[in-house]
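Positions are given from 1 along the sequence. Small disclaimer: the values here were computed from a predicted structure and weren't measured.
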Amino acid sequence: MTLILCFGNPLRGDEAVGWRVAERLPGAEVGARVVACHALVPEFAPAIAAAEVVIFVDACAGGTPGEVGTPSVSMPEPAFTSSESEWPW
């Protein structure tokens, strides 16, 4: 499943971009779940973890008004690994 999280404040001009995208994006037609929200909150963690793809839609400071950016995000390498034998109990 693809999850599209659209952020923003619908009362604050360009900060409402996430909500406007969510209103116009036919999630069911593209096989995605589209969610409009004010902020990224911990309650989204299970849905994000279960999704195959997550797309975040939000406004940002800087750039040209109306410009659409697609920054790439990758998973960082774990800072450490562990196994049961390493635990003291």
Which atoms form the tightest heavy-atom contact between [X] and [Y], and what is the distance?
| X | Y | value |
| --- | --- | --- |
| Ala47 | Met1 | O-CE, 4.3 Å |
| Pro10 | Arg20 | O-NH2, 3.2 Å |
| Ala36 | Ala22 | CB-CB, 3.7 Å |
| Val21 | Cys6 | CG1-SG, 4.2 Å |

Are [Y] and [X] linked, directly or through intermediate hydrophobic residues, by side-chain heavy-atom contacts shorter than 4.5 Å (ILVMFWY only)?
| X | Y | value |
| --- | --- | --- |
| Ile4 | Val68 | no |
| Val57 | Phe44 | no |
| Val17 | Leu5 | no |

| To the nearest 0.5 Å, what is the distance between CD (Glu43) and CD1 (Ile48)? | 11.0 Å
| query | For the side chain to side chain contact (heavy atoms under 4.5 Å, CB included) test, which of Val53, Val35, Ile55 pairs with Leu3? | reply | Val35
| message | Using 30° and 60° as the class boundaries, would you call the ring planes of His38 and Trp19 parallel, tilted or perpendicular? | response | tilted
